[in-house]
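Quick caveat: nothing in here was measured; it's all calculated off a predicted structure. Every chain is numbered from 1 and lettered A, B, ... according to where its sequence line falls, protein lines coming before strand lines.
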Number of protein chains: 2
Amino acid sequence: MGRRERKKAATRQALADAALRLFLDRGYDQVSVRDIAEAADVSTTTVFKHFPSKEALVFDQDTDQEAALIAAVRDRPEGVSVPDALRDHMLRLHADGDDDPGLARFIELTESTPALREYGRRMWMRHEAALAAVIAEDAGAPEGDPACAALARFALETVGFARGRSDSRRAVEAAFDLLAHGWSVAARRMS
Amino acid sequence: MGRRERKKAATRQALADAALRLFLDRGYDQVSVRDIAEAADVSTTTVFKHFPSKEALVFDQDTDQEAALIAAVRDRPEGVSVPDALRDHMLRLHADGDDDPGLARFIELTESTPALREYGRRMWMRHEAALAAVIAEDAGAPEGDPACAALARFALETVGFARGRSDSRRAVEAAFDLLAHGWSVAARRMS
DNA sequence: TAAAAAAGTGCAACGACACAACTTTTCTAG
DNA sequence: CTAGAAAAGTTGTGTCGTTGCACTTTTTTA
């Protein structure tokens with residue numbers, strides 16, 4: 001990696017770090033892009049050369065969730081259904097927030113800020129097509145099969161559904177209970 | 001109704017009309033709030049006294065969809081399950097767009113504009129709590145029961161899910177097929 | 001009927017973001 | 001090793017959505 005790309009990555013990182021620090025400190029709406037630019041010692045417009053929007057500053061680290069999602073379906077243990085594998089994956093995601101306090105702070109920030117909640121949801125839902133594709137492939141259904149797409153959509157929705165609910169674990173389980181039975185019938189029809 | 005309220009309603013209507021006309025004519029992003037204000041001969045600030053945001057100008061007519069939704073569940077014919085009743089309701093909504101050309105233009109506008117799509121979705125999803133409540137009441141489940149809430153959320157999601165899909169009717173049906181079986185099991189457990 | 005409460009309206013301004021012109025830095029071809 | 005292409009960064013300027021403050025008008029109450 002050349003010096004150029006290293007410097008670019010460095011400014012990008014500096015911006016994301018400064019943004020997160022300021023957001024956690026003062027709250028998202030109380031920090032302007034100018035503040036962030038100044039904290040990272042660059043001009044305001046430079047921020048938008050690195051990030052498409054103010055919200056994108058928060059969701060910098062792309063912890064390739066899509067790959068994990070796909071792996072959860074494809075590499076599930078023998079005898080486990082697709083909905084069950086997805087349910088376990090979602091519950092695991094929830095559990096991650098419980099031990100890492102930094103991640104918990106991050107989640108609390110994104111949940112309490114409407115703009116960030118929406119943005120995060122959009123990012124998360126982008127994986128619908130990819131998830132639907134693995135499900136279809138796994139079930140031997142044609143690409144773009146509505147039942148597979150619906151399962152993908154609903155499964156992804158569960159994390160948004162669980163938020164703000166008193167018992168989020170139970171909410172996820174109830175949601176997947178709803179999906180599991182219908183899926184077993186649909187899957188039987190396919191193969 | 002006093003003279004004051006009449007004038008207020010008049011300006012509000014003038015704004016909504018001007019906005020819709022301009023949006024359909026030039027496209028949402030090509031029309032500024034200042035344009036709309038000028039077309040209705042008021043100042044820019046006045047627009048926001050009547051509507052909370054630019055998007056709200058489009059969704060002016062509140063065709064109380066929530067009541068229809070609740071009625072679809074509560075007044076469903078004997079022997080029809082809740083998911084089936086909701087599926088029929090959603091399919092009926094889709095059919096509405098096919099005969100009224102004005103509504104079709106409106107839908108096309110909201111679907112092709114990202115900001116409007118998001119806003120419309122948020123408005124639509126607001127009914128989740130109310131829908132979950134009737135479902136719970138109907139099933140004899142406690143208020144806030146996760147399974148009922150999940151069914152409400154997923155049922156509302158189906159309209160967003162069907163959009164942009166080649167065969168939207170089939171998409172809705174596939175989605176409800178997924179829900180119906182799981183629901184019959186859950187409902188059995190309750191009563 | 002006078003005063004106070006409430007509602008309507010507008011000006012100026014802020015914050016996010018786009019765009020263009022220009023400078024500086026890094027990479028690459030000869 | 002150097003000239004110049006290419007990319008990164010800066011500055012300035014402007015647009016658009018949205019809001020706070022001040023002002024005016026209408027309605028209500030004493």
Side-chain angles (χ1 to χ4, degrees), chain A residues 1-20 22-23 25-60 109-110 113-120 122-123, chain B residues 1-20 22-23 25-60 109-110 113-120 122-123:
Chain A
M1 185 152 69
R3 180 171 299 131
R4 190 193 195 114
E5 298 183 26
R6 239 181 305 128
K7 289 201 113 178
K8 182 174 178 176
T11 18
R12 185 194 170 84
Q13 194 59 40
L15 282 168
D17 289 350
L20 190 58
L22 290 172
F23 289 157
D25 197 38
R26 283 187 241 162
Y28 183 78
D29 293 319
Q30 275 61 55
V31 177
S32 76
V33 176
R34 263 194 272 280
D35 295 338
I36 298 164
E38 197 155 342
D41 200 40
V42 295
S43 82
T44 314
T45 37
T46 300
V47 176
F48 292 102
K49 291 275 159 97
H50 290 270
F51 299 92
S53 68
K54 184 184 177 185
E55 293 100 33
L57 281 159
V58 176
F59 295 90
D60 183 35
L109 172 68
T110 60
T113 309
L116 291 180
R117 206 170 34 224
E118 262 313 305
Y119 188 85
R122 270 209 303 283
M123 292 294 107
Chain B
M1 183 150 72
R3 180 170 300 129
R4 193 198 192 109
E5 298 182 28
R6 237 181 306 126
K7 290 200 112 180
K8 181 175 178 176
T11 20
R12 184 193 170 84
Q13 195 59 41
L15 282 168
D17 290 349
L20 189 59
L22 290 172
F23 289 157
D25 196 38
R26 283 188 243 161
Y28 183 79
D29 292 319
Q30 276 60 56
V31 177
S32 76
V33 176
R34 287 167 175 84
D35 293 338
I36 299 164
E38 196 156 342
D41 200 41
V42 294
S43 85
T44 315
T45 345
T46 301
V47 176
F48 290 101
K49 295 289 169 162
H50 290 270
F51 299 91
S53 68
K54 183 184 178 185
E55 294 99 32
L57 281 159
V58 176
F59 295 90
D60 185 34
L109 172 69
T110 60
T113 310
L116 290 179
R117 207 170 32 225
E118 262 313 307
Y119 188 84
R122 270 208 304 282
M123 293 293 108

Considering residues at least two apart in sequence or located in another chain, which fulfil the side chain to side chain donor-acceptor pair (under 3.5 Å) criterion with [X]?
X        : result
A:Thr110 : none
B:Gln13  : B:Asp17
A:Thr45  : A:Ser43
A:Arg117 : none

[X] [atom1] to [N] [atom2], straight-line distance once rounded to whole Å:
X       : N      : atom1 : atom2 : result
B:Arg6  : C:dG8  : CZ    : P     : 14 Å
B:Glu38 : C:dT9  : CD    : C1'   : 16 Å
B:Lys7  : D:dT27 : NZ    : P     : 9 Å
B:Leu15 : D:dT18 : CG    : P     : 14 Å
B:Leu57 : D:dT18 : CG    : C1'   : 13 Å
B:Gln30 : C:dA18 : CD    : C1'   : 14 Å
B:Asp41 : C:dT9  : CG    : C1'   : 12 Å
A:Phe51 : C:dC17 : CZ    : P     : 13 Å

Next item on the list: Using a cut-off of strictly less than 4.0 Å, decide whether B:His50 has a side-chain nitrogen or oxygen near OP1 or OP2 of C:dT9.
Entry: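 For B:His50, the contact criterion (side-chain N or O under 4.0 Å from OP1 or OP2 of C:dT9) is met.
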Notebook entry, point to check: Is B:Thr46 near enough to C:dG10 that one of its side-chain N or O atoms lies under 4.0 angstrom from OP1 or OP2?
Noted result: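 Yes, B:Thr46 has a side-chain N/O under 4.0 Å of OP1/OP2 on C:dG10.
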Check: Just one of B:Phe59, B:Tyr28, B:Phe51 clears the ring pair (Phe, Tyr, Trp, His ring centres under 6.0 Å) bar with B:Tyr119, so which one?
Finding: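 Of all the options given, the one that passes is B:Phe59.
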Item checked: Rounded (10°) bend between the five-pair end axes of the helix from C:dT1-D:dA30 to C:dG30-D:dC1 ->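 Axis-to-axis angle, ends of the helix: 10°.
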Next item on the list: Give B:Lys8 one of three labels, base, sugar-phosphate or nothing, depending on what nucleic acid heavy atoms sit under 4.0 Å from its own.
Entry: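 Since only primed, P, OP1 and OP2 atoms lie under 4.0 Å of B:Lys8, the category is sugar-phosphate.
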Note to self: Given D:dG9, D:dT11, C:dT9, identify the nucleotide with an atom nearest to the side chain of B:Lys49.
What the structure shows: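 For B:Lys49, the side-chain atoms sit closest to C:dT9.
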Check: Sequence neighbours excluded, which residues qualify as salt bridge (charged side-chain N to carboxylate O under 4.0 Å, His left out) partners of B:Asp29?
Finding: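 With sequence neighbours excluded, B:Asp29 shows a salt bridge (charged side-chain N to carboxylate O under 4.0 Å, His left out) to no residue whatsoever.
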Next item on the list: Just jot down the ring pair (Phe, Tyr, Trp, His ring centres under 6.0 Å) partners of A:Phe48, sequence neighbours excluded, or say none.
Entry: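 Partners of A:Phe48 under the ring pair (Phe, Tyr, Trp, His ring centres under 6.0 Å) test: none.
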Note to self: Tell me whether A:Lys54 forms a cation-pi arrangement with A:Phe23, defined as NZ or CZ under 6.0 Å from the six-membered ring centre and within 45 degrees of its axis.
What the structure shows: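 No, A:Lys54 does not sit over the ring of A:Phe23.
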Note to self: Listing request: all salt bridge (charged side-chain N to carboxylate O under 4.0 Å, His left out) pairs with a residue in residues 33-45 of chain B, at least two apart in sequence or in separate chains.
What the structure shows: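 Salt bridge (charged side-chain N to carboxylate O under 4.0 Å, His left out) check on residues 33-45 of chain B returns B:Arg26-B:Asp35.
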N/O to N/O distances under 3.5 Å, protein versus nucleotides 13-17 of chain D:
{"unit_1": "D:dG17", "atom_1": "OP1", "unit_2": "B:Lys54", "atom_2": "NZ", "d": "2.4"}
{"unit_1": "D:dG17", "atom_1": "OP2", "unit_2": "B:Val33", "atom_2": "N", "d": "2.7"}
{"unit_1": "D:dG17", "atom_1": "N7", "unit_2": "B:Arg34", "atom_2": "NH1", "d": "3.2"}
{"unit_1": "D:dG17", "atom_1": "O6", "unit_2": "B:Arg34", "atom_2": "NH2", "d": "3.4"}

